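Here the structure is laid out as structure tokens; the discussion comes afterwards.
Order of the sequence lines sets the chain letters (A, B, ...), proteins ahead of strands, with each chain counted from 1. Computed from a prediction, not measured in an experiment: that's the story for all the values here.
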Protein chains: 2
Amino acid sequence: MVRNDGYDKEAQLFQALAHPVRLQILDILARQEACVCHLTAVLGQRQPYVSQQLAALRQAGLVADRREGTLIYYRLADDRLAELLDQGKALAQAFHGRILTFPPLPVGVLDNCPCPRCQAA
Amino acid sequence: MVRNDGYDKEAQLFQALAHPVRLQILDILARQEACVCHLTAVLGQRQPYVSQQLAALRQAGLVADRREGTLIYYRLADDRLAELLDQGKALAQAFHGRILTFPPLPVGVLDNCPCPRCQAA
DNA sequence: TACAATCATGCAAAATTTTGAATATTCAAG
DNA sequence: CTTGAATATTCAAAATTTTGCATGATTGTA
């Protein structure tokens, strides 16, 4: 069976990336794996909404997950994804003719996150 | 005025790439600039449809155009776009777990294209 | 001016995506 | 086996995108 769906699959990848919240999630995961509650706290969005975006990323194969007790940690499925995101930022800047600014991604522990990593202190 | 729309702009770029026909157009233009009639012939799509996809790419800043008489030649607005597309193909393959195949892009002149380059023979 | 060729735009129906809210699932602890 | 915490799923309304088709605009030429 000969298929020719290369452009369809490539388009699906870019479609998964065509959403600001999903891009921010991927940027967070590019630095370190994170559980859903951590992502929820960083993004300031409701948990079901974050889970939905994670489901989209999971179905596209961009992220992988790992359960630890009741927490589920997500990570990038492929390190090359971080490069693709960097290239995307650079080109978006070029096409827009100005420096784009991104919200700061807090590093380390979060007050409003219940996961063990953040409550360790 | 402080903006934080980096992810919005990045998402707009990926959105412009999230379409198989637009991806194929960009792959054609990555090799050489081409007029609308040439793209129409290669893609086997109707001319207004091709013009619409070109308009989407133009509004996103991904392509530039140049008029020569009644013909309009399109080209990539930035060479780094070709690299991004290559990375996208590589990752789409990785995420899909198999070799993706793409329709062959004819090189050289086309029988069914009326532009001077193709009618030179 | 008229005509032909090339390309762009406008518009509406169909399809898809996004978003919010309610509810379901899974796991650990008691 | 019940409860609480973390996460996932479902569903429908709203918003956006896609697609096909008709028409408009621009250029070159007679």
Side-chain angles (χ1 to χ4, degrees), chain A residues 7-8 11-25 28-29 33-60 62-75 110 112-119, chain B residues 7-8 11-25 28-29 33-60 62-75 110 112-119:
Chain A
Y7 287 117
D8 289 331
Q12 284 174 26
L13 164 61
F14 287 127
Q15 166 61 29
L17 298 176
H19 192 291
V21 171
R22 290 198 290 269
L23 288 175
Q24 192 171 358
I25 289 175
I28 297 169
L29 298 182
E33 71 167 8
C35 62
V36 179
C37 65
H38 195 89
L39 292 170
T40 300
V42 172
L43 297 170
Q45 305 273 355
R46 297 174 195 275
Q47 175 269 317
Y49 183 79
V50 174
S51 272
Q52 275 183 115
Q53 303 306 335
L54 286 170
L57 294 171
R58 209 181 332 112
Q59 288 178 32
L62 277 63
V63 298
D65 61 292
R66 162 179 82 81
R67 179 183 281 274
E68 191 165 313
T70 173
L71 299 179
I72 298 188
Y73 288 94
Y74 280 85
R75 62 184 183 278
L110 298 174
N112 51 339
C113 178
C115 76
R117 288 184 185 172
C118 289
Q119 293 302 322
Chain B
Y7 287 117
D8 290 331
Q12 285 175 25
L13 163 62
F14 287 126
Q15 165 61 28
L17 298 177
H19 191 291
V21 172
R22 290 199 290 270
L23 288 175
Q24 192 171 358
I25 290 175
I28 297 169
L29 298 183
E33 69 168 9
C35 62
V36 178
C37 65
H38 194 89
L39 292 170
T40 301
V42 172
L43 297 171
Q45 305 272 356
R46 298 174 196 276
Q47 176 269 316
Y49 183 79
V50 174
S51 271
Q52 276 184 120
Q53 304 304 338
L54 286 170
L57 294 172
R58 210 181 331 112
Q59 288 178 32
L62 277 63
V63 298
D65 61 293
R66 161 179 83 80
R67 179 182 281 274
E68 191 165 312
T70 174
L71 300 179
I72 298 188
Y73 288 94
Y74 280 86
R75 64 183 182 280
L110 299 174
N112 51 341
C113 178
C115 76
R117 288 183 185 171
C118 289
Q119 293 304 321

Enumerate donor-acceptor pairs with a distance under 3.5 Å from any side-chain N or O in residues 41-51 of chain B to protein atoms, sequence neighbours excluded.
{"unit_1": "B:Q47", "atom_1": "NE2", "unit_2": "B:S51", "atom_2": "OG", "d": "3.1"}

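- With sequence neighbours excluded, the residues satisfying side-chain contact (heavy atoms from CB on, under 4.5 Å) with B:R67 are B:I72.
- Contact between the side-chain N/O atoms of B:R46 and the OP1/OP2 oxygens of D:dC21 is found at a separation under 4.0 Å.
- In terms of heavy-atom proximity, A:Y73 sits nearest to A:C35 at CD2-N, 3.5 Å.
- In this structure, B:L71 atom CG and C:dA8 atom P are separated by 11 Å, rounded to whole Å.
- Against DNA chain D, the stretch residues 34-45 of chain A makes heavy-atom approaches under 4.0 Å through A:C35, A:V36, A:C37.
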Show each protein N/O and nucleotides 25-30 of chain C N/O combination with a separation under 3.5 Å, one pair to a line.
none

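- Across every non-hydrogen atom of B:A34 and B:L29, the tightest pair is N-CD2, 3.8 Å.
- Looking at every heavy atom in both residues, A:L110 comes nearest to A:C118 through N-SG, 3.3 Å.
- Taking 4.5 Å as the limit, every side-chain heavy atom of A:I25 sits out of range of all side-chain heavy atoms of A:V63.
- Looking at B:H38 and B:R117, their side chains never come closer than 4.5 Å, going by heavy atoms from C-beta outward.
- Between A:D8 atom CG and C:dA15 atom P there is a gap of 17 Å when expressed in whole angstrom units.
- Listed in residue order, the members of residues 47-56 of chain B having a heavy atom less than 4.0 Å from DNA chain D are B:P48, B:Y49, B:Q52.
- Residue B:Q59 contributes atom CD, which lies 11 Å from atom C1' of C:dT9 at whole-angstrom precision.
- For the residue pair A:L23 and B:A11, the shortest heavy atom distance occurs at CD1-N, 3.5 Å.
- Phosphate proximity of D:dA6 to A:Y74: absent, as no side-chain N or O sits under 4.0 Å from OP1 or OP2.
- Atom NE2 of residue A:H19 and atom CG of residue B:D8 lie 9.5 Å apart, to the nearest 0.5 angstrom.
- Here the C1' atom of nucleotide D:dT18 and the CD1 atom of B:I25 are 14 Å apart, to the nearest Å.
- Looking at heavy atoms from C-beta onward, B:L13 lies out of side-chain contact with A:L17 at the 4.5 angstrom threshold.
- Taking every heavy atom of residues 11-23 of chain B and every atom of DNA chain C, no pair lies under 4.0 Å.
- Remark: C1' of C:dT6 and CZ of B:R66 are 15 Å apart, rounded to the nearest angstrom.
- Under a 3.5 Å cut-off, the side chain of B:R22 and the backbone N or O of B:A16 do form a donor-acceptor pair.
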Practice item. Step by step, work out the side chain to side chain contact (heavy atoms under 4.5 Å, CB included) result for A:D65 and A:L54. Key: CA-CA 10 Å; A:D65 61 292; A:L54 286 170; over 6 Å; no

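- The main-chain N or O of B:C113 is found under 3.5 Å from a side-chain atom of B:Q119 such that the two form a donor-acceptor pair.
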